**Q** 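Below are the C-alpha cells for one structure; questions will follow.
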2 protein chains.
Amino acid sequence: MKIGELAKRSGCSIQTIRYYEKEGLISAPERTEGNFRLYNSVVLEKLSFIKNCRALDLTLSEIKHLVSLQNSPETPCEAVNEMIDTHLLAVESRIEDLQKLHGNLKQLRLKCGNARSVDQCGILGELLPKPERSPSGTRNERSPSGTRK
Amino acid sequence: MKIGELAKRSGCSIQTIRYYEKEGLISAPERTEGNFRLYNSVVLEKLSFIKNCRALDLTLSEIKHLVSLQNSPETPCEAVNEMIDTHLLAVESRIEDLQKLHGNLKQLRLKCGNARSVDQCGILGELLPKPERSPSGTRNERSPSGTRK
DNA sequence: GTAAACTCTGTAGTAACTATAGAGTCAAGA
DNA sequence: TCTTGACTCTATAGTTACTACAGAGTTTAC
Ligand SMILES: [Zn+2]
Ligand SMILES: [Zn+2]
Ligand SMILES: [Zn+2]
Ligand SMILES: [Zn+2]
C-alpha cells in the first residue's frame, strides 16, 4: 500500500501522514526501490487511534505520550486517566469562557438596531473606551472579560 | 510617551503594539531623533477599542474592518451588525462542539478505574480502533465526533 | 515512447502573538 | 567624561497542526 491508498483508507491526507511520520507519531515505513513509502495495514490502526484522539482534541504531543505508554504495557495507566481529567477541565473552562463571551456578544448586539450610520452605531459606540463620565472619583479598572484559545 | 509607558498604560505588550502597527491596526507614530516611537494619548483609545474587540474574539482582520468603518462615519452600520451576528453563530456552534466533546470525554473517562496497567487500560482500549467483531456484514463507517478550532 | 498519475523533499503559509539576538539610545551616577 | 543600566530598535524564529505549493523523480497505461 502506497501513501495515496493509505490516505484514502485512513481518511488522513497524504501530507498529514508524512507529517505524523516526521513528528514521530507513526514510524517510518519501508521504501520501494523508487523511494516510495510502503505501508502494511498495521499503520491503519495507528492512524485510527490518532484520529480518535484528535477527535477528543488531544494534542499531538499528548498522543505521542499515549503511544509511548502503549509501548510499555505493564506500567500503571494512571497517567492516561490524569491526561483525560486535565483535558476535561480544560474543555470545561473553555466552555465557560465561551458562554460568557456569548452573553457579552448577545448584549452587545442589542445595542444597535438596523439602518443607523456608523457614527451612531450602538455597537461601535459600546466598543469604544468608556468616557470618564464622573468628574469625581475615577474608577475605571474594569477590564473586559474574555479568553482565548 | 514612549512605547514602554504605552504598554503599561494600555495593558498591551510592547511587541503586541509594534505588531498592531505592522498590521495596520494603529498608525505609525512619530519618532524621536533617536528613532524611538512617540505616542500621544489618542492611541490609548485605539488600543482600548482593539482590546475590547479581542475580548469578544473578533479577529484582527475583522477589527481592521471595523476601524476602517469608523473612518467613514456616514455609511450605514449594517456591516457591524452582520459581523456580530456571524460571530455569535460561530461561538454558538463552537460551544455545541465542545459540549459534545465534553460528553465524549466524560464517557471515556468512565472506562477506566485506577491502578490498572497500560495494556488493560479501559481508556486506551476505547481509543484503539474497534475490532471487526461481527464475522457477517462489516459496518464500520462511524467516524468519531469532534471538531477543531 | 510518452503522457498521466503518483510520489518525493523542502519550503512557506496560516493566527496572533511571544521571545529572543544584536545593535543602538538615553539618563543618571562616579 | 565615562560607564552602567534601562530602554528601544529591527529582524528573525518559534508556537500548533496542518495545508499548499514548487520542482523533481517514479510508475503505469496506452
Ligand atoms: Zn490536553
Ligand atoms: Zn450599528
Ligand atoms: Zn468573526
Ligand atoms: Zn486506564
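Computed from a prediction, not measured in an experiment: that's the story for all the values here. Letters go in sequence order (proteins before strands), and every chain restarts at 1.
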**Q** Could you state the interatomic distance from CG (A:Asp57) to CG (B:Asp97), rounded to the nearest 0.5 Å?
**A**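 Taking CG in A:Asp57 and CG in B:Asp97, the distance rounds to 9.5 Å.
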**Q** For the helix from C:dG1-D:dC30 to C:dA30-D:dT1, measure the angle between the helix axis at one end and the axis at the other, each built from five pairs, rounding to 10°.
**A** 40°
**Q** Give, for atom OH of B:Tyr19 and atom SG of B:Cys12, the distance between the pair rounded to the nearest 0.5 Å.
**A**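 These two atoms lie 13.0 Å from each other.
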**Q** Rounded to whole angstrom units, what separation is found between the CD atom of A:Glu5 and the P atom of D:dT27?
**A**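 After rounding, the reported distance stands at 17 Å.
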**Q** Can you sort out which residues in residues 16-44 of chain A have a heavy atom within less than 4.0 Å of DNA chain D? Ascending by number, please.
**A** A:Thr16, A:Tyr19, A:Tyr20, A:Gly34, A:Phe36
**Q** Over how many whole Å does the gap from A:Ile14 atom CD1 to C:dC8 atom P extend?
**A** 8 Å
**Q** What integer distance in Å separates B:Leu6:CG from D:dC7:P?
**A** 15 Å
**Q** Please evaluate residues B:Arg116 and A:Glu78 with respect to the criterion salt bridge (charged side-chain N to carboxylate O under 4.0 Å, His left out), reporting the C-alpha separation (whole Å), side-chain torsions for both, the decisive distance (0.1 Å), and the verdict.
**A** CA-CA 8 Å; B:Arg116 298 200 201 170; A:Glu78 248 187 285; over 6 Å; no
**Q** Answer yes if the side chains of B:Thr59 and B:Glu62 hold a donor-acceptor pair under 3.5 Å, and no otherwise.
**A**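 Side-chain D/A pair, B:Thr59 to B:Glu62: present.
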**Q** A:Leu60 CG to D:dT15 C1': how many Å, rounded?
**A**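 That distance rounds to 13 Å.
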**Q** To the nearest Å, give me how far apart CD (A:Gln15) and P (C:dA12) are.
**A** 17 Å
**Q** Going by side-chain hydrogen bond (donor to acceptor under 3.5 Å, both in side chains), name the residues that satisfy it together with B:Thr75, two or more places apart in sequence or in a different chain.
**A**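 By the side-chain hydrogen bond (donor to acceptor under 3.5 Å, both in side chains) rule, B:Thr75 matches no residue at all.
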**Q** Hey, which of these two, A:Lys2 or B:Ile3, hits DNA chain D nearer its 5' end, going by closest nucleotide?
**A** B:Ile3
**Q** Of the options A:Asn52, A:Leu6, A:Leu25, A:Val42, which is the one that meets A:Leu47 in a side chain to side chain contact (heavy atoms under 4.5 Å, CB included)?
**A** A:Leu6
**Q** Starting at atom CZ of A:Arg54, determine the distance to atom P of D:dT19, rounded to an integer number of angstrom.
**A** 10 Å
**Q** Would you give the length of the straight line joining atom CG of A:Leu127 to atom CG of A:Leu108, rounded to the nearest 0.5 angstrom?
**A**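 If we round to the nearest 0.5 Å, A:Leu127:CG and A:Leu108:CG are 5.0 Å apart.
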**Q** For C:dT18, does either OP1 or OP2 sit under 4.0 Å from a side-chain N or O belonging to B:Ser13?
**A**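 B:Ser13 to C:dT18 OP1/OP2: side-chain N or O found under 4.0 Å.
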**Q** I need the A:Leu44 CG to A:Glu5 CD distance, nearest 0.5 Å.
**A** 8.5 Å
**Q** Does B:His65, at its NE2 atom, have more than 12 non-hydrogen atoms belonging to other residues, nucleotides or ligands within less than 6.0 Å?
**A**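 No - once you tally the heavy atoms of other residues, nucleotides and ligands closer than 6.0 Å, there are 12 at most.
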